[in-house]
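Encoded as structure tokens, the structure appears first; notes follow it.
Sequence lines set the chain letters: A, B, ... in the order given, protein chains first and strands last, and positions in each chain run from 1.
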Amino acid sequence: MSTDDTTPPPTSAADRLGGADGTEAESPAGERDRRLAKIDALRAAGVEPYPVRFDRTHTAAEVLEHWGHLESGVEVGDVVRVAGRVVLLRRQGKLTFATLRDGSGTIQLFVSRGELGEEAHSAFDDLDLGDWVGAEGAVMKTRRGELSVKVTGWTLLSKAVRPPPDKWHGLSDTDTRFRQRYVDLIANEEARRIFAVRFSVISTIRRFLDARRYVEVETPVLHVQAGGAAARPFETHHHALDMPLSLRIALELHLKRLVVGGIERVYEIGRVFRNEGLSTRHNPEFTMLECYEAFSDYTDMMTLTEEVVAECARVATGDTVVEVDGVRVDLTPPWPRRTMIDLIEEHTGARVHPSMPLAELEAAADRAEVPREAGWGPGKLVLELYEKTVEPNLVGPIFVLDYPREVSPLARAHRDDPALVERFEAVVLGRELANAFSELNDPIDQRQRFEAQAALAAAGDEEAHGVDDDYVRALEYGLPPCGGLGIGVDRLVMLIAGVHSIREVILFPHLRPEFGDEDF
RNA sequence: GCGCCUCUAGCUCAACUGGUCAGAGCAAGUGACUCUUAAUCACUAGGUUCAGGGUUCGAGUCCCUGGGGGCGUACCA
């Protein structure tokens with residue numbers, strides 16, 4: 001949509017936005033140009049299509065709350081000023097009904113020629129679907145029982161140049177829904193519902209933790225060394241310092257530094273980035289909640305997890321029972337707590353343990369038809385057995401306890417079994433919802449675990465990371481006994497909203513770039 | 001990354017095995033209508049069938065290449 005230097009100065013709205021010159025493939029030349037022409041006509045008539053502000057007295061929901069009880073056919077003297085987008089228009093000659101939608105809901109405008117006069121009424125009839133208007137008038141309920149504002153005055157607040165999608169079928173093209181989320185939100189009640197759940201869940205988490213005297217903090221997104229999770233980071237570069245940086249893959253290591261510093265209960269809700277494949281469950285950037293509590297352990301984190309998840313569901317939907325793809329899940333605490341070892345035995349018949357000889361575990365994996373790679377240690381084999389034979393079959397909610405030490409470099413050794421760590425994952429519908437440990441606070445042990453990871457990285461594991469010397473130094477100043485918890489907020493929202501794809505709960509999910517700009 | 005599916009008017013969808021097949025509803029335009037509710041009724045206009053090649057007398061339909069999207073799978077402490 002570039003303007004050639006030789007083009008004469010544009011005059012009309014259509015000229016300035018780019019008219020029907022072949023660049024406008026997305027909107028029919030007729031409809032968009034028609035609306036652009038209206039902008040010029042309005043200005044010529046002295047009407048500003050994009051005025052500054054509007055003083056509204058009531059939202060649609062407030063009108064319903066105060067006057068919803070009115071009898072049909074009754075008009076009251078109370079005058080209100082409402083504002084919203086015109087989503088439906090029913091023109092009926094000298095009487096027009098418009099459905100106005102604002103952030104709270106919808107309200108009908110009753111626009112009568114007798115009330116408004118011919119000029120203002122026909123100007124109203126000239127509105128298009130999608131325009132924003134403000135209106136003033138008395139509250140009434142029509143003979144058919146629809147609560148309305150009987151308009152005595154109105155103003156165009158913003159002219160829509162592009163038409164909204166089909167008023168009945170909405171917008172279902174997934175590509176357009178995600179790229180142009182604004183249109184999705186205009187057209188689809190379901191999209192509005194899902195994001196209402198998301199906003200509710202996030203504010204509930206904050207209220208829940210704040211009430212327990214947790215402190216919310218913000219830690220760096222740009223890391224010199226990514227860590228705190230096994231994932232491939234995004235790499236970037238700082239020009240002034242001429243050094244490589246990574247986008248964070250977890251919040252963990254900074255938050256525990258803060259516990260060292262004496263912030264005994266700390267949490268962050270923040271974006272993390274992982275350079276991995278995309279799927280219905282994976283977006284390259286997603287939102288994590290992590291919280292850490294001094295003097296607690298992973299059993300305390302289980303209680304916290306089941307309570308915060310149930311509370312989020314209750315606040316967002318009124319119920320702790322959720323349903324995804326026809327499967328109902330009851331999130332009411334307490335959730336069952338089972339060890340990984342016991343679950344593997346239950347599902348495969350094999351009693352395994354990371355302290356067993358490698359050959360025995362390899363044989364167990366082969367019997368269970370779990371593929372394995374050379375170089376995997378005992379702990380990795382046990383974890384694979386769990387992930388392939390147990391986890392997909394768990395409906396949950398359930399806490400899976402006590403992971404192999406080898407695969408958990410940031411969790412403290414189990415108090416009763418040195419081959420294991422005090423770690424759990426909460427599983428719902430075969431998927432990890434939360435991950436937590438009794439945090440490793442022994443600096444010497446931690447350095448050794450990091451060094452083991454560094455060896456893996458040196459051997460080519462792109463998801464392993466090296467020694468974080470500053471983090472070890474922090475531990476040397478003393479991290480109190482500490483429980484830590486991470487919850488994937490997007491997946492929690494998916495669960496509570498009952499949707500199948502992570503793209504449904506992220507406002508602007510990652511997509512390939514649109515091809516060129518000829519669609520504009 | 002691999003496999004399968006998909007892309008037709010602004011939106012939602014039709015078009016039997018290749019043969020008047022480029023259509024409908026909504027949205028839009030014109031007209032009628034002072035209690036509508038996806039208002040209704042009449043008429044009208046609207047298309048590079050994702051792009052580019054190919055096969056064929058003939059391609060929305062079949063083949064190839066490319067692009068977007070979806071699903072599955074792989075990867076995913």
Side-chain angles (χ1 to χ4, degrees), chain A residues 22 24-35 72-73 87-99 106 108-116 121 128-130 140-148 150 161-179 183 186-188 227-232 249-250 252 274-282 284 286 371 379-380 383-384 386-387 403-411 421 423 425 431-432 435-437 449 453 456 461-465 486 488 500-501 503 511-516 518-519:
Chain A
E24 180 46 62
E26 184 178 332
S27 199
E31 175 64 2
R32 186 159 166 277
D33 286 348
R34 216 190 97 253
R35 293 183 179 219
S72 296
V87 292
L88 291 172
L89 272 172
R90 295 174 291 280
R91 287 178 273 238
Q92 205 184 310
K94 299 189 182 68
L95 184 62
T96 300
F97 299 91
T99 302
T106 60
Q108 178 170 268
L109 299 183
F110 181 100
V111 189
S112 136
R113 177 159 295 194
E115 195 73 33
L116 254 188
H121 181 263
D128 291 300
L129 293 181
M140 62 169 286
K141 190 172 265 187
T142 63
R143 282 179 225 152
R144 296 289 184 86
E146 186 74 25
L147 188 65
S148 308
K150 189 173 187 179
V161 169
R162 295 177 187 250
D166 189 289
K167 66 186 179 186
W168 186 243
H169 297 99
L171 177 69
S172 64
D173 181 78
T174 49
D175 189 23
T176 310
R177 286 186 49 232
F178 298 152
R179 284 187 202 284
V183 182
I186 290 169
N188 296 322
R232 222 175 136 174
I249 56 174
E252 174 143 0
R274 296 189 181 176
N275 208 340
E276 293 161 354
L278 288 75
S279 79
T280 46
R281 268 149 272 134
H282 300 261
F286 61 101
K380 176 69 175 167
L383 180 67
E384 280 295 315
Y386 161 72
E387 287 186 345
Y403 278 57
R405 174 176 173 138
E406 170 192 333
V407 297
S408 310
L410 299 165
V421 291
R423 171 182 171 192
E425 288 191 359
R431 297 183 209 144
E432 168 194 347
N435 182 23
F437 337 124
R449 307 265 201 112
Q453 290 294 303
L456 290 177
D461 185 341
E462 288 175 315
E463 290 163 1
H465 305 288
H500 184 69
S501 168
R503 297 189 185 95
L511 299 171
R512 286 186 170 82
E514 273 186 281
F515 192 65
E518 56 265 28
D519 283 348

I'd like to know if A:H169 reaches the base of B:C11 with its side chain such that a donor and an acceptor end up less than 3.5 angstrom apart.
no
When the C1' atoms of B:C13 and B:U8 are compared, how many Å lie between them, rounded to an integer?
9 Å
For residues A:F97 and A:L109, determine if any side-chain heavy atom of one lies less than 4.5 Å from a side-chain heavy atom of the other.
no
Defining pairs by Watson-Crick or G-U wobble geometry with both distances under 3.5 Å, how would you list the stems of RNA chain B with at least three pairs each?
B:1-7 with B:67-73, B:10-13 with B:23-26, B:28-32 with B:40-44, B:50-54 with B:62-66
Assess whether one donor atom and one acceptor atom, taken from the side chain of A:D175 and the base of B:G70, lie less than 3.5 Å apart.
no
Pair A:R177 + A:D173, salt bridge at N-O below 4.0 Å:
no
B:U37, OP1 or OP2 - any side-chain N/O from A:T106 closer than 4.0 Å?
no
Between the base of B:U37 and the side chain of A:E146, is there a donor and acceptor pair under 3.5 angstrom?
yes
Within the 4.0 Å heavy-atom criterion, would you say A:L383 contacts the bases, only the backbone, or no part of the nucleic acid?
nothing
Suppose you measure atom P in B:C62 against the same atom in B:U6; what distance do you get, rounded to whole Å?
9 Å
Should the pair A:E406-A:K380 be classified as a salt bridge under the 4.0 Å nitrogen-to-oxygen rule?
no
How far does the P atom of B:C7 sit from the matching atom of B:U61, given to the nearest Å?
11 Å
Picking from B:C11, B:C35, B:G69, the nucleotide nearest the side-chain atoms of A:L511 would be B:G69
Among B:G72, B:A27, B:G1, the one nearest A:R512 by side-chain distance
B:G1
Given the P atoms of B:C21 and B:C63, what is the spacing between them in whole Å?
24 Å
